[in-house]
Amino acid sequence: GEPGQSHPSSVNNVRITADNKYIISCGPAPKNKGFVAVWNLADGKLVTKWELENGPAMSISINKEGTQMAVSCGPKNRLKPDSEIVILNLPK
């Protein structure tokens with residue numbers, strides 16, 4: 001893809017919103033961070049992205065209304081197994 005139009009590493013999970021407007025993907029980013037991206041399903045273009053400090057992003061769950069998603073992340077420190085859920089707002 002074009003620069004800035006791809007994941008910095010592997011993709012762990014993909015979801016499509018109920019209205020078929022967006023694809024959301026998640027995975028790891030450099031320095032043990034997480035990466036979440038929202039793509040336009042119609043043309044495949046990147047809509048928005050987040051780099052999370054909570055460790056690699058593992059899975060995504062979207063609420064029924066398509067307004068928010070929960071992303072499971074972690075561990076952010078390889079020596080501690082702590083994991084977290086991050087809530088992100090989907091684009092309107």
If we only count heavy atoms from C-beta on, is the [X] to [Y] side-chain gap below 4.5 Å?
| X | Y | answer |
| --- | --- | --- |
| P75 | D82 | no |
| P30 | P8 | yes |
| E53 | K76 | no |

Q: For the pair I24 and T17, evaluate side-chain contact (heavy atoms from CB on, under 4.5 Å) and give the outcome as yes or no after the intermediate values.
A: CA-CA 8 Å; I24 297 116; T17 55; 3.7 Å; yes
Q.
Checking the side chain of R15 only, and the main-chain atoms of I60 only, is there a donor and an acceptor separated by less than 3.5 Å?
A. yes
Q: Examine distances only and state if a side-chain atom of S25 and a backbone atom of V11 form a donor-acceptor pair shorter than 3.5 Å.
A: no
Nearest atoms (heavy-atom pairs only) where [X] meets [Y]:
| X | Y | value |
| --- | --- | --- |
| P28 | S10 | CD-O, 3.3 Å |
| W50 | V38 | CZ3-CG2, 3.6 Å |
| P91 | T48 | CG-CG2, 3.9 Å |
| K92 | K21 | O-NZ, 3.5 Å |
| H7 | G27 | CE1-N, 4.0 Å |

Gap separating the [atom1] atom of [X] from the [atom2] atom of [Y], nearest 0.5 angstrom:
| X | Y | atom1 | atom2 | answer |
| --- | --- | --- | --- | --- |
| N63 | N89 | CG | CG | 9.0 Å |
| D19 | I62 | CG | CD1 | 9.0 Å |
| L90 | E65 | CG | CD | 11.0 Å |
| L52 | C73 | CG | SG | 5.0 Å |
| K49 | F35 | NZ | CZ | 5.5 Å |
| M69 | Y22 | CE | OH | 10.5 Å |

Q: Consider only side-chain heavy atoms of I, L, V, M, F, W and Y, link residues closer than 4.5 Å, and tell whether I23 and M58 are in one cluster.
A: no
